[in-house]
2 protein chains.
Amino acid sequence: MSKAAKAKSSAAIRSTADFARYVGLARTTVSRVLNGQPGLKQKTIDQVQRALSETGFTPNAHALHLKGKRTSMVGICVEDLLTPPAVRKLAALQKLLRERGLSSLIEVFAPGAGREVVRHFLSMRVEAVVFIGHFHREEIEARIAELIAHGTPHLVIDHFGLKNAHTVSLDRAKAMEDVVNHLLDFGHRTFGLMGIARAPSSRFDRMTGIHAALKARGLDFDTCTVSLDHLHERRNDFEYGRRLAGSFAQQAHRPTALLALNDEIAVGALRGLHELGLRVPRDFSVAGFNNQDVAAMTSPTLTTVEQNIATTIATAAELLLGQLDAPMKARPMIKLIAPELIVRESTGPARVD
Amino acid sequence: MSKAAKAKSSAAIRSTADFARYVGLARTTVSRVLNGQPGLKQKTIDQVQRALSETGFTPNAHALHLKGKRTSMVGICVEDLLTPPAVRKLAALQKLLRERGLSSLIEVFAPGAGREVVRHFLSMRVEAVVFIGHFHREEIEARIAELIAHGTPHLVIDHFGLKNAHTVSLDRAKAMEDVVNHLLDFGHRTFGLMGIARAPSSRFDRMTGIHAALKARGLDFDTCTVSLDHLHERRNDFEYGRRLAGSFAQQAHRPTALLALNDEIAVGALRGLHELGLRVPRDFSVAGFNNQDVAAMTSPTLTTVEQNIATTIATAAELLLGQLDAPMKARPMIKLIAPELIVRESTGPARVD
DNA sequence: GCTTGACGAGGACACGTGTCCTCCAAACGT
DNA sequence: ACGTTTGGAGGACACGTGTCCTCGTCAAGC
């Protein structure tokens with residue numbers, strides 16, 4: 001066969017049969033080489049290896065899985081690819097899974113399309129499904145019920161308090177408790193909530209922490225906190241924080257501290273206050289959440305909460321791999337990851353009006 | 001069959017045969033319902049539909065693909081999941097593909113593991129492979145050659161100038177030309193390059209733009225530009241920019257303008273200069289790249305370049321889908337996307353020493 | 001009661017793979 | 001020259017699916 005003919009035929013190789021024809025051996029012989037079975041002459045093995053690197057032939061994964069080989073795929077359903085912490089978790093998880101020979105099927109959980117996403121995962125016969133982020137409660141609970149009925153392991157990262165769900169989550173209640181205590185120590189007694197209050201049930205745990213911290217000092221939640229989330233379209237980004245901070249600044253009885261849902265909103269607040277000629281932390285203390293890199297670069301630098309994503313994902317991977325080996329436990333496993341308060345320049349003694 | 005027995009057997013449904021047994025019909029009949037073939041009583045159809053929603057059964061995608069159905073999968077190989085613009089492109093592309101019924105297999109291109117990634121894609125019989133970001137030139141060119149030989153369409157987003165590669169990329173040369181011209185108009189004649197110079201060939205196009213702008217005004221590249229990238233470990237993040245800015249500030253003949261590879265480095269530079277008591281743009285002008293949200297939130301706000309990611313990805317999707325329909329063109333298609341200079345507060349008249 | 005039509009049952013095949021088995025040819029040992 | 005060993009050829013099957021085909025059954029129409 002001429003070199004040109006070889007090159008031409010290499011494009012048409014779609015199966016081991018084609019490939020065997022190309023090599024000039026029987027299909028079964030080639031298959032035995034590919035799967036490292038004994039009892040083959042070295043010369044034959046070399047011959048196949050050479051053809052392999054010449055053509056770049058790869059056995060059809062679908063046929064392999066059909067034949068009984070495990071798919072080694074995990075479905076990962078992420079809330080959003082534009083939320084930095086979610087993406088960092090996704091990246092870390094995919095890396096850990098890959099190191100263990102598992103590839104990942106990644107989908108964004110569009111609201112209402114959760115059913116379709118999970119069905120796609122199941123049709124691909126993934127070995128487990130992971131959810132990263134916060135979701136519509138009823139929808140995700142329905143999906144998890146489906147997975148349990150189907151016998152496919154699952155794991156939820158972040159969304160806390162879902163019925164029957166194996167969960168790994170940052171202890172957001174503890175985190176907010178730490179933040180509020182830190183500010184209470186500085187003499188703050190009125191708190192503006194930015195993006196936390198009107199939120200779906202997923203933010204419930206943060207509120208719990210705020211409640212707990214205030215109650216421990218004998219303070220009343222309703223008189224100590226203010227939310228103006230309703231004044232602007234909810235966006236959870238810098239611009240939202242900037243506008244919201246403006247609204248807080250214009251209040252008659254304005255709070256002395258602002259608690260933001262995330263660092264974007266907090267940094268936006270810093271900007272908004274700066275534009276109004278207000279100074280942080282002299283006029284307002286501002287606390288963020290997530291310890292994004294940008295939090296150390298603002299002026300003033302931002303007090304925030306470190307999530308310890310590496311720990312979260314390592315725990316998640318451990319739990320997940322455990323489920324792949326052993327039969328799934330009936331009782332949902334729930335692991336809380338400890339947060340870490342990072343104190344920087346944006347928080348200080350409360351303003352005295 | 002009792003309800004309990006049904007529930008029990010539903011867990012064991014792994015094939016249409018199992019499912020048909022569950023419904024109490026022949027496998028072929030169920031298959032005809034699932035594929036919408038005519039000539040079936042409405043009662044039968046309802047019966048199957050009901051069982052379908054009861055059990056959540058999904059046909060095995062691997063068997064379908066084996067049978068000849070297209071996989072409807074696209075392999076997306078992304079440089080990194082921690083680089084915000086790359087992730088934004090990934091998110092946008094996945095969304096567009098999904099709207100057209102294509103799902104995506106996402107992998108991170110670990111250096112040296114590119115071969116494995118592409119082989120995985122090919123074993124999954126993806127319909128096309130997309131690369132997003134900048135890669136090791138020789139490695140990715142080898143992968144693209146493999147894909148071409150294999151007859152699988154490909155597309156490169158961002159990495160410009162690869163041999164035989166279909167490419168969609170921001171016109172980075174034009175972008176840098178705009179930035180440099182903007183600064184030249186302000187009287188700047190010495191430019192500090194942050195993260196741009198020592199970079200792999202992928203940054204070549206930026207250098208081209210800087211060269212062009214200087215040459216057009218009769219200026220010499222080597223006397224007008226300084227790079228201190230070698231002083232710090234290359235990281236492309238805020239902290240790297242902060243340190244690098246410190247090094248520029250300590251120079252005897254320090255430049256009047258700093259050109260950063262991305263907004264992270266630029267914002268880090270703003271921070272670094274702020275810490276040294278220097279003011280922007282009075283002491284230094286700083287220009288970023290990518291127009292990340294944070295660029296509008298710093299003090300001063302950052303002059304930068306908008307990538308028009310939506311346009312890039314729409315163009316990419318169009319090119320890709322065209323390749324899926326028609327046979328691949330031999331001549332590589334190359335599309336350049338126009339950048340947009342966003343002028344904010346961080347650039348101004350050159351300092352006079 | 002007979003024909004006709006409608007509808008479902010069930011067998012067969014192909015898709016690409018790994019594996020088992022049988023069979024054949026060549027190489028080897030005596 | 002003969003028997004034995006070695007290594008490859010090639011047939012068969014299973015996996016889950018869609019599709020085609022044949023065959024049975026049941027009901028309606030004459």
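Labels below follow one simple rule: chain letters A, B, ... track the order of the sequence lines, proteins then strands, and each chain is numbered from 1. Just so you know, these numbers come straight off a predicted model, no measurement behind them. In what follows, every heavy atom counts, from backbone to side chain, and hydrogens, waters and symmetry copies are set aside.
In this model, a side-chain donor or acceptor of Arg27(B) finds a partner on the base of dG18(D) within 3.5 Å. Side-chain atoms of Thr28(A) come within donor-acceptor range of the base of dG10(D), with a qualifying N/O pair under 3.5 Å.
Proximity of residues 56-74 of chain A to DNA chain D (heavy atom under 4.0 angstrom from any strand atom) is restricted to Leu66(A), Lys67(A). At a non-hydrogen distance threshold of 4.0 Å, nothing from residues 41-51 of chain B comes into contact with DNA chain D.
In terms of the ring-ring contact (aromatic ring centres under 6.0 Å, His included) criterion, residue partners of His62(B) (sequence neighbours excluded) are, by chain and number, His62(A), His65(A). In terms of the side-chain hydrogen bond (donor to acceptor under 3.5 Å, both in side chains) criterion, residue partners of Arg70(B) (sequence neighbours excluded) are, by chain and number, Glu127(B). Listed by chain and residue number, Gln94(B) satisfy the side-chain hydrogen bond (donor to acceptor under 3.5 Å, both in side chains) test with Ser104(B) (two or more places apart in sequence, or in another chain).
A close approach under 4.0 Å does occur between a side-chain nitrogen or oxygen of Thr29(A) and OP1 or OP2 of dA9(D). Between Ser31(A) and dG18(C), a side-chain N or O to OP1/OP2 separation shorter than 4.0 Å is present. Contact check, Gln37(B) against dG18(D): no side-chain N or O comes under 4.0 Å of OP1 or OP2.
Between Glu116(A) and Arg119(A) there is no salt bridge, since none of the side-chain N atoms of the basic residue sits less than 4.0 Å from a carboxylate O of the acidic one.
Contact annotation for Leu25(A): backbone-only contact, meaning every heavy-atom pair under 4.0 Å involves sugar-phosphate atoms and none involves a base.
Direction of the helix axis in the helix from dG1(C)-dC30(D) to dT30(C)-dA1(D) shifts by 50° between the two five-pair termini, rounded to 10°.
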